[in-house]
Amino acid sequence: MPKTTPPPQRLRVADGRTPLWRAHNFFRTVGLIYAIVWFGMQVPHYERPALATLEIVIMIGWTVFTVRRFRHREGRTNTLVLIDQVLVSTLFLGNQLIMTPAQSDGMIPSVTTMWQPSMVTLAGVQWGWLGGGISGAVSALINFLNRDSFEALMFQDAVLLIGSGLLYGLAADTARRSTERLSQALRTEAATAERERLARSIHDSVLQVLARVRNRGVELGGEAAELARLAGEQEIALRSLVAAGPPEHDPGGEIDLVARLQVLRTGKVQVSVPATEVRLPEQNGSDVLSIVREALENVDRHAGPDARAWVLLEELPDEIVISVRDDGPGIAEGRLDEAAAEGRMGVAQSIRGRVEHLGGTISLDTTPGEGTEWEVRLPRPTTPPGRGANGRARKRMFTRRTADPVRQDAADPQSEPPPGSATNPPDQRADPAPRGGGEG
């Protein structure tokens, strides 16, 4: 029987909070030993020694159980931590039935004593600074109820309980973020290594075949020339896909728009992007990609088989500008309104609707026979959706304008600059429109 390759193992990063879990287990164990010592000294004087003995037995059993569970990642569940909070708080409250009034008034350690604060450190490690702070506040409140006293020592205990929860929680939050970042870095490294492996394989097989088909088709001419052209376009697209880095997500839910746009390069589509990353929230970035793709699809549908397109991304201090241009026949006056009336909502919904949802503006520059240009301006993510940098709702949509010359970005020096750019002298007006020149 043929051998099967086992599926790749899912990459797993060690929990960065593991040292904190060990510290908690150590603190709980030491607290239990301290409680047992005080129990042996005070048990003859308790009001209900049998109940105190039962409480110590429960504390010993629960400590052994939780320490063993919390040693392993799978055992650190929210349910178990919540049960721990309830059980320890109940045992802490039970001291009212165990201790005599004289013991409470004399600030004699309770049965739970130093074992009880371990519930606060546990909440901090599991739930962060907020959970640790709340657990510390609950513990301080129970302590006031048990002692029925408001001496300075009680307030010191309250500060220590709440402070411990906050500090453990902050440390746990930091460790959790570090773990997530390390996990993301390792996933990216693994994806990059796999991509390089595939790139080598593709280069040695698919790309070489496409190049051979292209060259042979050009030599034969005729119908073979059309196949050569198609093979050449697919070769360019595949090389762009292989060269682009893997799309990355960060813990904040952002994507790099530069990497996502680069894969749109083909023999007919040139993409110019900044040399640095342009990060957007994941949903915003997906909407921007959908806008660009819809514009490029309109070129395929309406600008003719030989039309070329250019995509330009610019990042400004307070906004992001995306231009999509083509050298097709342009759009006749009123054609977009007719397309919308006919129920063809590509521009109205896929392009204009998304831009409006993102709080941006879109302008169209087109003249029959001279191509089309869409320019989309989107506020930075810090600007509330639907409003401009000045806080007012943006209203301008599809304003006719004179196209600004498109600059070829230094990050894409190999690309042919569109006509009308700084590197290709203008011909009285900017080069034909982008890949948005369609009817929707």
Side-chain angles (χ1 to χ4, degrees), residues 247-264 269 271-298 309-326 336 340 345-366 372-412 418 421 430 433-438 440:
E248 298 182 9
H249 296 265
D250 65 13
E254 293 185 340
I255 62 174
D256 178 20
L257 193 57
V258 169
R260 299 303 178 93
L261 288 177
Q262 284 178 330
V263 300
L264 299 179
V269 180
V271 180
S272 297
V273 293
T276 58
E277 293 183 345
V278 176
R279 290 198 164 271
L280 289 178
E282 185 171 2
Q283 184 58 52
N284 292 25
S286 298
D287 287 340
V288 171
L289 289 174
S290 298
I291 292 170
V292 175
R293 286 196 178 100
E294 179 65 25
L296 295 177
E297 288 175 5
N298 282 341
W310 295 266
V311 178
L312 172 66
L313 171 65
E314 295 180 281
E315 184 179 27
L316 304 179
D318 58 348
E319 63 182 356
I320 294 172
V321 182
I322 305 100
S323 301
V324 186
R325 311 172 60 209
D326 68 46
L336 291 177
M345 307 300 290
V347 171
Q349 292 182 353
S350 297
I351 297 181
R352 182 175 60 182
R354 284 191 171 97
V355 173
E356 188 175 26
H357 174 71
L358 295 173
T361 61
I362 182 171
S363 58
L364 169 64
D365 179 26
T366 181
T372 306
E373 176 181 6
W374 298 97
E375 183 181 84
V376 177
R377 291 180 174 269
L378 302 175
R380 299 295 301 173
T382 52
T383 304
R387 298 189 177 276
N390 58 1
R392 298 181 181 179
R394 294 181 180 262
K395 299 294 185 182
R396 183 169 68 91
M397 301 296 292
F398 291 105
T399 304
R400 296 187 62 82
R401 51 179 286 281
T402 301
D404 297 327
V406 175
R407 292 177 288 116
Q408 188 71 13
D409 191 273
D412 190 21
S421 68
R435 258 215 178 207

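This structure is a prediction, so every number in the text was calculated from the model and none was measured. One-based numbering along the sequence shown.
- The shortest distance between side-chain heavy atoms of Val376 and Val288 does not fall below 4.5 Å.
- For the pair Ser363/Thr361, no side-chain contact is recorded, criterion being any heavy-atom separation below 4.5 Å from C-beta on.
- Nearest approach of Ile255 to Ser286, heavy atoms of both residues: CD1-N, 4.1 Å.
- The distance from the CG atom of Leu261 to the CG atom of Leu313 is 5.5 Å, given to the nearest 0.5 Å.
- To the nearest 0.5 Å, the span separating CD1 on Ile322 from CZ on Arg377 amounts to 10.0 Å.
- Of all the heavy atoms in Pro379 and Gly360, the pair that sits closest is CD-CA, 3.9 Å.
- With rounding to the nearest 0.5 Å, the separation of CG in Leu257 from CD in Glu315 is 9.5 Å.
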Notebook entry, point to check: When you look at Leu264 and Val311, which way does the side chain to side chain contact (heavy atoms under 4.5 Å, CB included) test go after all the steps?
Noted result: CA-CA 9 Å; Leu264 299 179; Val311 178; 5.5 Å; no
Next item on the list: Begin with the C-alpha distance, continue with both residues' side-chain angles, and end with the deciding distance and a verdict on side chain to side chain contact (heavy atoms under 4.5 Å, CB included) for Glu277 and Val258.
Entry: CA-CA 6 Å; Glu277 293 183 345; Val258 169; 5.6 Å; no
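- In this structure a side-chain-to-backbone donor-acceptor pair under 3.5 Å is missing from Asp256 to Arg279.
- Atom CG of Leu378 sits about 8.5 Å away from atom CD of Glu319, to the nearest 0.5 Å.
- Ile291 is listed as a side-chain neighbour of Val355, based on a closest heavy-atom distance under 4.5 Å.
- The CZ atom of Arg260 sits 8.5 Å away from atom CZ of Arg293, with the distance rounded to the nearest 0.5 Å.
- Taking 4.5 Å as the limit, some side-chain heavy atom of Gln262 sits within range of a side-chain heavy atom of Val273.
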